[in-house]
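What follows is a single structure, written as structure tokens, with notes after it.
None of these values were measured; they are calculated from a predicted model.
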Amino acid sequence: MSKIKKVVARQVYDSRGNPTIEAEVFSNNLSASAICPSGASTGTFEAYEKRDKSNKKYLGKSVLIPVATVNKLISKKLKNQNIHDQERIDSILIKLDGTKQKTKLGANTILAVSMAVKKLSAKVKKIPLYKNFIVKKNFKLPFPLMNIINGGAHADNGLRIQEFMIRPDKAKSFNDAVRMCFLVINNLKVLLKKSGHSINVGDEGGFAPMISDNESALKLIVQAIKKSGFKNGKDISICLDVAANELIKKGKYSIHSKNYISVNQSIKKYLQLIKKYQIKSIEDPFGEDDWKAWSKFVNETKNKTQIIGDDLFVTNLERLKIGFLNLSANSILIKLNQIGTVTETLEVIKFSQLIGFKTIISHRSGDTEDTFIADLAVGTNSNQIKTGSLARSERIAKYNQLIRIEENLGRLAKMNKID
Ligand code: PEP
Ligand code: MG
């Protein structure tokens with residue numbers, strides 16, 4: 001048995017330059033570290049991200065209290081625990097916190113430790129991290145949901161929809177998937193330049209041109225797909241994350257323009273967009289409490305469109321069960337820091353797959369060089385991964401890790417099935 005010797009934490013920085021926590025777990029002569037990411041368009045029901053609100057030196061954003069919690073409390077509590085017993089370690093962390101949304105210690109504090117434990121366990125076993133999750137053989141590579149235009153809370157261009165993404169449905173390998181996206185992104189760059197738009201990028205590496213109308217963005221993407229020699233809706237599909245939590249007022253939504261319209265009118269507009277632009281996937285089309293609107297939408301799309309719950313489910317088993325019973329979605333976005341431990345995340349993934357929901361592993365808009373989610377996607381045979389564009393190293397790091405995993409699997413490497 002390999003026992004934990006100590007856990008050390010430190011404050012590092014994320015891709016937005018905000019402080020975040022890194023934990024390093026030690027056992028024998030080995031150690032492994034993990035860094036917690038941070039969201040911008042967060043759901044109300046997410047586990048709590050603890051920051052030192054009263055520390056003015058860091059504008060209230062530092063995580064020195066979480067760091068001290070690891071160094072002074074968690075390290076002692078985890079000392080001598082078996083590094084391979086992730087469930088026991090996570091249950092100690094959960095009990096130590098004792099609150100529903102991990103408000104006492106902070107989900108960021110707990111998750112950094114939980115991920116580092118998983119990494120160290122793989123290191124001690126001398127196996128790649130992706131082999132240390134659920135799947136033991138027949139590993140599948142996920143399809144990338146590559147973000148190519150940023151809007152909403154991730155850019156300041158006024159675009160209503162937060163993320164415009166492409167998914168290379170006909171890719172034969174992960175390498176090929178990245179190549180297909182590379183072509184579309186480069187052609188989009190040319191088109192943007194030609195039409196006088198900026199090619200600056202937003203938080204997730206997608207372009208953030210000063211376009212405020214959804215359809216203009218969609219038209220540009222369709223053109224870029226064509227220019228790359230692909231068929232929209234066949235070779236490459238357009239996928240959206242609306243992040244509608246940010247666009248709701250008194251039960252009405254301002255998704256399609258600045259005007260607030262009813263759920264029924266919003267659904268009608270969505271259906272038109274789906275048809276016109278061959279949209280295959282929509283994340284968070286409605287607010288986190290609007291279960292009825294979600295169910296109605298799934299029903300209206302005849303369950304043919306991938307409808308993903310992010311802020312709706314917040315990687316939480318209880319909320320997923322409500323969504324399943326109400327047929328509110330057919331897929332779930334998985335973000336480790338929405339729930340706070342690796343064990344709970346794996347439970348949600350297992351349940352999702354049991355009920356036939358697609359699992360899409362996701363980065364956060366404030367992310368880091370940590371590539372844990374790339375391994376998690378393969379180690380759980382998750383259908384897709386959403387980790388930004390081919391820009392910004394914190395996004396590319398995940399794609400590069402998936403390329404390495406594909407190489408490591410060699411002839412055994414297979415892409416997941418899209419439908
Ligand atoms: C998202 O909404 O899916 C997302 C990745 O953004 P954030 O991390 O800001 O929640
Ligand atoms: Mg989202």
**Prompt:** Would S33 and E24 count as having a side-chain donor-acceptor pair, cut-off 3.5 Å?
**Reply:** no
**Message:** More than 12 heavy atoms of other residues, nucleotides or ligands under 6.0 Å from NZ of K125: yes or no?
**Reply:** yes
**Prompt:** Does the side chain of S121 pick up a donor-acceptor pair with the side chain of Q86 at under 3.5 Å?
**Reply:** no
**Flag side-chain contact, heavy atom, 4.5 Å: F324 against S352** = no
**Message:** By the salt bridge (Lys or Arg N to Asp or Glu O under 4.0 Å) test, which pairs, at least two apart or in different chains, include something from residues 234-246?
**Reply:** D241-K386
**Message:** What I want to check is whether the side chains of N245 and E288 have a donor and an acceptor closer together than 3.5 Å.
**Reply:** yes
**Asked** How about S295 and N326: does a side-chain donor come under 3.5 Å of a side-chain acceptor?
**Response** no
**Item:** Among K335, R16, K398, the one residue meeting salt bridge (Lys or Arg N to Asp or Glu O under 4.0 Å) with D367
**Value:** K398
**Request:** Give a yes-or-no answer on whether the side chains of N330 and N303 include a donor-acceptor pair shorter than 3.5 Å.
**Result:** yes
**Request:** Please check if the side chain of K102 supplies one atom and the backbone of I339 the other of a donor-acceptor pair under 3.5 Å.
**Result:** yes
**Any side-chain donor near an acceptor of the partner, T343 and D90, under 3.5 Å** = yes
**Request:** Answer yes or no: does atom CZ of R88 have more than 12 heavy-atom neighbours from other residues, nucleotides or ligands under 6.0 Å?
**Result:** no
**Prompt:** Do the side-chain N and O atoms of E215 and Y277 include a donor-acceptor pair separated by under 3.5 angstrom?
**Reply:** yes
**Request:** Could you tell me whether the side chain of N416 and the main chain of N381 form a donor-acceptor pair under 3.5 Å?
**Result:** yes
**Asked** Going through the checks in order, is the side chain to side chain contact (heavy atoms under 4.5 Å, CB included) test met by V190 and K227?
**Response** CA-CA 10 Å; V190 173; K227 209 165 179 278; 4.1 Å; yes
**Asked** Honestly, is K118 close enough over F133, meaning NZ or CZ under 6.0 Å from the six-membered ring centre and within 45° of the axis?
**Response** yes
**Item:** Reference residue R160; test side-chain hydrogen bond (donor to acceptor under 3.5 Å, both in side chains); the match among S212, S254, S257
**Value:** S254
**Request:** Using the six-membered ring of F351, assess whether NZ or CZ of K321 lies under 6.0 Å from its centre and within 45 degrees of the ring axis.
**Result:** yes
**Item:** Test item: side-chain donor near acceptor, S382 and T380, under 3.5 Å
**Value:** yes
**K136 atom NZ, neighbour heavy-atom count above 12 within 6.0 Å** = yes
**Message:** Whether the side chain of Q101 engages the backbone of T44 through a donor-acceptor N/O pair (distance < 3.5 Å, no angle test) should be reported.
**Reply:** yes
**Message:** Atom CD of residue position Q272 - does it have more than 12 heavy atoms of other residues, nucleotides or ligands inside 6.0 Å?
**Reply:** yes
**Asked** Is any side-chain heavy atom of V67 closer than 4.5 Å to a side-chain heavy atom of I21?
**Response** yes
**Prompt:** Does a donor on one side chain and an acceptor on the other come within less than 3.5 Å for D176 and S173?
**Reply:** no
**Item:** Pair Q353-T359, side-chain donor/acceptor within less than 3.5 Å
**Value:** yes
**Asked** Hey, are D375 and Q401 close enough side-chain-wise for a donor-acceptor pair under 3.5 Å?
**Response** yes
**Asked** Around atom NZ of K296, are there more than 12 heavy atoms of other residues, nucleotides or ligands at under 6.0 Å?
**Response** no
**Message:** Looking at D156, I want to see if its CG is surrounded by more than 12 non-hydrogen atoms of other residues, nucleotides or ligands under 6.0 Å.
**Reply:** no
**Request:** Given side chain to side chain contact (heavy atoms under 4.5 Å, CB included), test L336 with T315 step by step and report yes or no.
**Result:** CA-CA 7 Å; L336 288 140; T315 317; over 6 Å; no
**Within-4.5 Å side-chain heavy-atom neighbours: D310 and Q338** = yes
**Request:** Look only at the side chain of D52 and the backbone of I65, and say whether a donor-acceptor pair between them is shorter than 3.5 Å.
**Result:** yes
**Message:** Run the salt bridge (Lys or Arg N to Asp or Glu O under 4.0 Å) test against R167 and tell me which residues pass, sequence neighbours left out.
**Reply:** D169
**Message:** If we ignore hydrogens and angles and just use 3.5 Å, is the side chain of K358 paired with the main-chain N or O of I418 as donor and acceptor?
**Reply:** yes
**Message:** Counting neighbours of CZ on F182 that are heavy atoms of other residues, nucleotides or ligands and sit closer than 6.0 Å, is the number greater than 12?
**Reply:** no
**Item:** N337 side-chain N/O to G340 backbone N/O, donor-acceptor pair under 3.5 Å
**Value:** no
**Request:** Could you check F139 against L412 for side chain to side chain contact (heavy atoms under 4.5 Å, CB included), going step by step and ending with a plain yes or no?
**Result:** CA-CA 8 Å; F139 291 93; L412 297 176; over 6 Å; no
**Message:** Would you call the rings of F313 and W291 parallel, tilted or perpendicular, taking 30° and 60° as the class edges?
**Reply:** tilted
**Item:** Any donor-acceptor N/O pair, N108 side chain to K50 backbone, under 3.5 Å
**Value:** yes
**Message:** With no hydrogens and no angle check, just 3.5 Å: does a side-chain donor-acceptor pair link R364 and T42?
**Reply:** no
**Asked** Counting distance only, does the side-chain N/O of E46 pair as donor-acceptor with the main-chain N or O of G43 below 3.5 Å?
**Response** yes
**Request:** Hey, could you give me the CG/CD distance between L312 and E283, rounded to the nearest 0.5 Å?
**Result:** 11.0 Å
**Asked** What residue among L105, T341, I92 forms side chain to side chain contact (heavy atoms under 4.5 Å, CB included) with D97?
**Response** L105
